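Since we're looking at a predicted model, the values are computed, not measured. Only heavy atoms go into these numbers, but all of them, side chains included; no hydrogens, no water, no symmetry mates.
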Amino acid sequence: TYFGLEQRRDRAIKFRKAVEAAKIAEGVKLVDWELFQATKGTIRKGATFVESLIQLDEMPVNLVGYMVPINQFRSVDNFMLLPMPLDCYFCEEPPMRDIIMVKMKPGEVVDLAEEPVLIGGQLHLNEGENQQFFYTIDYATLGPALENEILTMKRISEEHREHMRANQIQDVLSEEDTSGE
């Protein structure tokens, strides 16, 4: 199983890099994931960004990555973007430097796709302690990953849906516990 997982990840990264190469060939200027992966830090202490990433703060950027749900899979206005897909959204924990919170333009929603997608929007570096995400892309738009190709909607197993429901119930119970104090 472990070796199969590694092979799937390698294929997913190769797929993303092929999409990036195609977009670059079309003239799209992309930010490289390695720039984000140079970030150091923790949620508790905050992030330390490299100078070349700081220069992009509040600037429009384009990035190719995999969409990961936060609360739902259809008609979403925000989601996480990662350099590779997760096989289990609830059991795997990517490093904070690999997670970008994407917030679509107001009124715009998308369905999550399995393929790597091109996201364009305004990059915001979240500085300081206890930030949920190191980076956010605001006012995002979704461009197709490949020309003239329909994106494949994510198919989530019932086991993962149940896991998500259990986590949402636990979150509600936690909120009730803290609001009663």
Side-chain angles (χ1 to χ4, degrees), residues 5 8-9 12-13 15-16 19 31 33 36-37 39 41-44 46-47 57-58 60-145 149-181:
L5 179 62
R8 283 194 304 267
R9 286 184 178 165
I13 291 171
F15 188 18
R16 187 196 84 230
V19 172
V31 177
W33 277 99
F36 293 98
Q37 293 166 339
T39 299
T42 64
I43 291 175
R44 179 190 265 165
D57 191 24
E58 304 301 327
V61 297
N62 292 308
L63 190 64
V64 173
Y66 289 91
M67 303 168 86
V68 177
I70 295 176
N71 293 323
Q72 60 193 44
F73 306 97
R74 306 285 181 261
S75 300
V76 299
D77 59 2
N78 60 60
F79 54 90
M80 296 178 288
L81 192 70
L82 281 82
M84 72 178 80
L86 296 177
D87 287 315
C88 176
Y89 305 102
F90 307 102
C91 303
E92 293 181 32
E93 187 174 335
M96 286 297 299
R97 66 177 190 264
D98 281 358
I99 305 170
I100 300 174
M101 173 65 172
V102 176
K103 297 178 181 177
M104 299 300 290
K105 285 182 178 178
E108 193 170 327
V109 295
V110 296
D111 288 337
L112 299 185
E114 294 232 14
E115 295 89 4
V117 295
L118 173 64
I119 298 294
Q122 183 179 13
L123 178 65
H124 179 74
L125 303 180
N126 300 316
E127 299 184 70
E129 299 175 357
N130 299 317
Q131 295 291 330
Q132 189 174 11
F133 297 96
F134 287 168
Y135 339 91
T136 305
I137 294 180
D138 293 312
Y139 309 106
T141 59
L142 173 66
E149 187 162 333
I150 298 171
L151 298 173
T152 308
M153 292 174 34
K154 285 199 176 281
R155 304 213 188 290
I156 308 303
S157 71
E158 187 55 39
E159 175 184 308
H160 286 120
R161 289 179 195 272
E162 190 58 39
H163 195 161
M164 187 170 136
R165 284 185 209 109
N167 284 344
Q168 288 174 336
I169 291 169
Q170 185 61 39
D171 289 345
V172 169
L173 292 176
S174 295
E175 287 176 17
E176 290 175 358
D177 287 346
T178 57
S179 65
E181 294 177 1

- Who passes side-chain contact (heavy atoms from CB on, under 4.5 Å) against M80, sequence neighbours left out? V68, I70, L82, I99, F133
- Partner set under side-chain hydrogen bond (donor to acceptor under 3.5 Å, both in side chains) for Q37, not counting sequence neighbours: D98
- Query: Are any of the side-chain heavy atoms of V117 and M67 separated by less than 4.5 Å?
  - Reply: yes
- Query: Side chain of W33, backbone of V64: donor and acceptor closer than 3.5 Å?
  - Reply: yes
- Item | N/O donor-acceptor pair under 3.5 Å between N78 side chain and V102 backbone | no
- Approximate separation, where rounding is to 0.5 Å, of K105 NZ and D138 CG: 12.5 Å
- For G46 against F134, the heavy-atom pair lying closest together: C-CE2, 4.3 Å
- Message: Measuring only between side-chain heavy atoms, which start at C-beta, is R16 closer than 4.5 Å to P83?
- Response: yes
- Query: What's the spacing between I119 CD1 and N62 CG if we round to 0.5 Å?
  - Reply: 9.5 Å
- Say you draw a straight line from CD1 of I137 to CE of M104; how long is it, rounded to the nearest 0.5 Å? 10.5 Å
- What pair of heavy atoms forms the shortest contact from A12 to Y66, and how long is it? O-OH, 2.6 Å
- Message: Tell me whether the count of non-hydrogen atoms from other residues, nucleotides or ligands lying under 6.0 Å of CD in E58 goes above 12.
- Response: yes
- Look up atom CG in L125 and atom OG1 in T39, then write down how far apart they are to the nearest 0.5 Å. 7.5 Å
- Are T42 and M96 close enough that some pair of their side-chain heavy atoms sits under 4.5 Å apart? no
- Query: Rounded to the nearest 0.5 Å, how far apart are CZ of F79 and CG of L81?
  - Reply: 6.0 Å
- Query: In chain order, what residues pass the side-chain hydrogen bond (donor to acceptor under 3.5 Å, both in side chains) check against N126, with sequence neighbours excluded?
  - Reply: H124, T136
- Note on the structure: To the nearest 0.5 Å, atom CD1 of I43 lies from atom CG of N130 at 8.5 Å
- Task: Check for a donor-acceptor pair, side chain of Y135 on one end and backbone N or O of D57 on the other, with a separation under 3.5 Å.
- Result: no
